[in-house]
Amino acid sequence: MSTWLFFGMGIVSLVSIMVYVAFMFFLPEWVGITGKVAKKAIESHVEPSKDV
């Protein structure tokens, strides 16, 4: 196979990983990570327990 094909595959892989890491850092909810926004939403829906 051509050297350029392997080089292109490597570049595409590296760019894909970098984009995914950027999403993990800036928009964690988009990649299935519970971020600050989701944690606040979960906490706002939790009812206080009634211990009798």
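As the structure is a prediction and not an experimental result, all values here were calculated from the model.
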Report yes or no: do Val19 and Ile17 belong to one cluster of Ile/Leu/Val/Met/Phe/Trp/Tyr joined by side chain heavy-atom distances under 4.5 Å? no

Approximate separation, where rounding is to 0.5 Å, of Ile33 CD1 and Phe23 CZ: 12.0 Å

Would Met18 end up clustered with Met24 when hydrophobic side chains under 4.5 Å apart are linked, directly or stepwise? no

Treat each ILVMFWY residue as a node, draw an edge where side-chain heavy atoms are under 4.5 Å apart, and state whether Trp30 and Phe26 are in one component. yes

Would a single hydrophobic cluster contain both Tyr20 and Val12, if residues Ile, Leu, Val, Met, Phe, Trp and Tyr are joined by side-chain heavy-atom contacts under 4.5 Å? no

Any chain of hydrophobic side-chain contacts (each under 4.5 Å) joining Leu14 to Val21? no

